[in-house]
Amino acid sequence: MQEFFGVDGKLVLISGGAQGLGRMIAEGFVQAGAEVVITSRKKDVGEAAAHEMRAHGRCVALQADLATAGGAVELAARFSASHDRLDVLVNNAGKTWGAPIEAFPDTAWTDVMAVNVQSPFTLVRELLPLLKASASWDDPARIINIGSLTAIVAEKLHAYSYAASKAAIHHLTRVLASDLAQHNITVNVIAPGYFPTRMTSHIRADEQLSKELAHHIPLMRMGRPDDIAAACIFLASAAGSYLTGVELPVDGGISGCR
């Protein structure tokens with residue numbers, strides 16, 4: 001099975017890989033033998049996460065603030081200074097904002113769209129030479145965008161700019177997949193549902209909300225770290241080499257069973 005699903009030795013860059021879903025994805029790749037570079041807005045948080053993951057394999061951290069295109073350009077330049085290829089780019093860093101529509105401010109749009117849509121595009125553009133250097137006809141370079149269930153179905157989360165930004169990254173994935181196929185680069189998007197992250201901490205802290213969520217999810221549970229990590233590893237492995245422009249929900253059946 002290693003022939004189909006192995007990622008040993010692949011160089012993987014994961015934005016926002018120090019916490020939340022990014023940390024789950026990073027740990028999966030590290031344990032599978034990949035060489036992983038994670039980014040974090042806070043230097044100490046990133047270095048602490050990388051130190052912990054080095055107990056299982058290869059992982060280093062880069063500080064990066066992806067709230068502006070300039071931050072993405074700087075990250076790409078620093079990565080390119082020490083690497084001559086990139087096998088897998090995981091655009092995971094994200095930002096959200098929740099409030100009732102009557103109180104939802106205009107300021108809740110700029111940063112969310114910048115982090116969730118513009119910076120992933122800028123990273124792809126700036127890192128394209130390294131992705132091309134890695135890509136081959138039988139083993140394409142991979143771009144994996146982390147979208148959201150909220151880009152597929154209307155969940156009652158009052159996260160208007162977040163949902164719109166994730167719908168944008170889903171469609172941007174299809175556009176990039178079409179453009180980059182000629183360079184042997186695949187581009188796919190994973191749409192996670194509910195996972196044990198900071199965004200769902202209020203649900204997990206409330207027994208009634210937790211029960212309601214379990215009944216909302218056809219498989220009756222939140223996602224586990226290995227659920228999201230395995231999906232990314234699948235897309236990065238030989239088993240995923242013939243997939244591009246794909247929207248892969250990892251949501252326990254919420255979007256597919258409605």
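These numbers come from the heavy atoms of this one structure, side chains and all, not from hydrogens, waters or symmetry mates.
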Novice: Within the distance-only criterion (no hydrogens, no angle test), does the side chain of S210 pair as donor or acceptor with the backbone N or O of I203 below 3.5 angstrom?
Specialist: yes
Novice: Examine M113 and V115 and state if one hydrophobic cluster contains both, with Ile, Leu, Val, Met, Phe, Trp and Tyr joined whenever side-chain heavy atoms are less than 4.5 Å apart.
Specialist: no
Novice: Looking at N92 and G22, what are the two nearest heavy atoms and their distance?
Specialist: ND2-CA, 3.3 Å
Novice: Rounded to the nearest 0.5 Å, what separates atom CD in Q2 from atom CG in D8?
Specialist: 6.0 Å
Novice: Could you give me the CA-CA distance, side-chain angles and deciding distance for M199 and L157, then say whether side-chain contact (heavy atoms from CB on, under 4.5 Å) is met?
Specialist: CA-CA 11 Å; M199 288 178 61; L157 300 175; 6.0 Å; no
Novice: Any sub-3.5 Å donor-acceptor pair from S161's side-chain atoms to A108's backbone N or O?
Specialist: yes
Novice: State the NE2-CD distance between H215 and E212, to the nearest 0.5 angstrom.
Specialist: 9.0 Å
Novice: Going by side chain to side chain donor-acceptor pair (under 3.5 Å), name the pairs with one or both residues in residues 32-47, residues two or more places apart or in two chains.
Specialist: none
Novice: For E126, check salt bridge (Lys or Arg N to Asp or Glu O under 4.0 Å) against everything at least two apart and list the hits.
Specialist: none
Novice: Quick one: list whatever passes side-chain hydrogen bond (donor to acceptor under 3.5 Å, both in side chains) with T107, sequence neighbours left out.
Specialist: none
Novice: Who passes salt bridge (Lys or Arg N to Asp or Glu O under 4.0 Å) against R23, sequence neighbours left out?
Specialist: E27, E52
Novice: Using a 4.5 Å cut-off on heavy atoms from C-beta on, say whether the side chain of P196 contacts that of M24.
Specialist: yes
Novice: Compile the donor-acceptor pairs under 3.5 Å between side chains in residues 243-253 and protein atoms, sequence neighbours left out, one pair per line.
Specialist:
from : atom 1 : to   : atom 2 : distance (Å)
T244 : OG1    : V187 : N      : 2.9
E247 : OE2    : H170 : ND1    : 2.7
D251 : OD1    : G253 : N      : 2.9
D251 : OD1    : I254 : N      : 3.4
D251 : OD2    : S255 : N      : 3.0
D251 : OD2    : S255 : OG     : 2.6

Novice: Taking atom CG of D138 as the centre, does the number of heavy atoms from other residues, nucleotides or ligands within less than 6.0 Å exceed 12?
Specialist: yes
Novice: Could you pull out the closest heavy-atom pair between L66 and A72, with the gap in Å?
Specialist: CD2-CA, 3.7 Å
Novice: So, for A114 and A67, which heavy atoms are closest and what is the spacing to 0.1 Å?
Specialist: CB-O, 3.3 Å
Novice: Would you call I144 and I146 a side-chain contact if the rule is heavy atoms closer than 4.5 Å?
Specialist: yes
Novice: With heavy-atom distances below 4.5 Å as the criterion, would you say the side chains of L89 and L127 are in contact?
Specialist: yes
Novice: How far does CG of N188 sit from CZ of F234, to the nearest 0.5 angstrom?
Specialist: 8.5 Å
Novice: Could you tell me whether the side chain of S15 and the main chain of A93 form a donor-acceptor pair under 3.5 Å?
Specialist: yes
Novice: Check whether V117 and W97 end up in the same hydrophobic cluster, where Ile, Leu, Val, Met, Phe, Trp and Tyr are linked by side-chain heavy atoms less than 4.5 Å apart.
Specialist: yes
Novice: How long is the straight-line distance from CD of Q118 back to CG of L123, given to the nearest 0.5 Å?
Specialist: 10.5 Å
Novice: OG/S119 to CG/L75 distance, rounded to the nearest 0.5 angstrom?
Specialist: 9.0 Å
Novice: Check for me, please, whether I169 and I228 land in the same ILVMFWY cluster - side-chain distances under 4.5 Å, paths through other members count.
Specialist: no
Novice: Give the cluster check for V88 versus L176: same hydrophobic cluster or not, with ILVMFWY residues linked at side-chain heavy-atom distances below 4.5 Å.
Specialist: no
Novice: What pairs meet the side chain to side chain donor-acceptor pair (under 3.5 Å) rule with one or both residues in residues 69-89, with sequence neighbours excluded?
Specialist: R85-D87, D87-S134
Novice: Is any side-chain heavy atom of N116 closer than 4.5 Å to one of K95?
Specialist: yes
Novice: If you compare all heavy atoms of T122 against all heavy atoms of A69, which two are closest, and at what distance to 0.1 Å?
Specialist: CG2-O, 3.8 Å
Novice: Hey, does I143 have a side-chain heavy atom less than 4.5 Å from the side chain of L131?
Specialist: yes
Novice: With ring pair (Phe, Tyr, Trp, His ring centres under 6.0 Å) as the rule and sequence neighbours excluded, what pairs involving residues 123-165 come up?
Specialist: F104-Y160
Novice: Show me, pair by pair, the donor-acceptor contacts under 3.5 angstrom made by side chains of residues 178-185, not counting sequence neighbours?
Specialist:
from : atom 1 : to   : atom 2 : distance (Å)
Q182 : NE2    : D179 : O      : 3.0

Novice: Rounded to the nearest 0.5 Å, what separation is found between the CD atom of Q63 and the CD1 atom of I38?
Specialist: 12.0 Å
Novice: Is there any salt bridge (Lys or Arg N to Asp or Glu O under 4.0 Å) pair reaching into residues 219-241, and which pairs are they, with sequence neighbours excluded?
Specialist: R221-D227, R224-D226
Novice: Report yes if some heavy atom in the side chain of F4 is under 4.5 Å from a heavy atom in the side chain of S237; otherwise report no.
Specialist: no
Novice: Indicate yes or no: at least one non-hydrogen side-chain atom of I190 is less than 4.5 angstrom from one of P192.
Specialist: yes
Novice: Strictly by side chain to side chain donor-acceptor pair (under 3.5 Å), give each pair with a member in residues 139-156 just once, sequence neighbours left out.
Specialist: K10-D139, N91-N145, D139-R142, N145-T173, S148-T150, E155-Y194, E155-H216, E155-R258
Novice: Using every non-hydrogen atom in the two residues, find where A61 and G46 come nearest and quote the distance to one decimal.
Specialist: CB-O, 3.3 Å
Novice: Quick check: do T200 and F195 have side-chain heavy atoms less than 4.5 Å from each other?
Specialist: no
Novice: Applying a strict under-4.5 Å side-chain criterion to I, L, V, M, F, W and Y, I'd like to know whether V7 and F5 cluster together.
Specialist: yes
Novice: Give the minimum heavy-atom separation between A191 and I152, together with the two atoms involved.
Specialist: CB-CD1, 3.7 Å
Novice: I need the full list of salt bridge (Lys or Arg N to Asp or Glu O under 4.0 Å) pairs touching residues 195-208, with sequence neighbours left out, sorted by first then second residue.
Specialist: E207-K211
Novice: Starting from Y242, walk the hydrophobic network (Ile, Leu, Val, Met, Phe, Trp, Tyr; side-chain heavy atoms closer than 4.5 Å) and list everyone else you reach, by chain and number.
Specialist: none
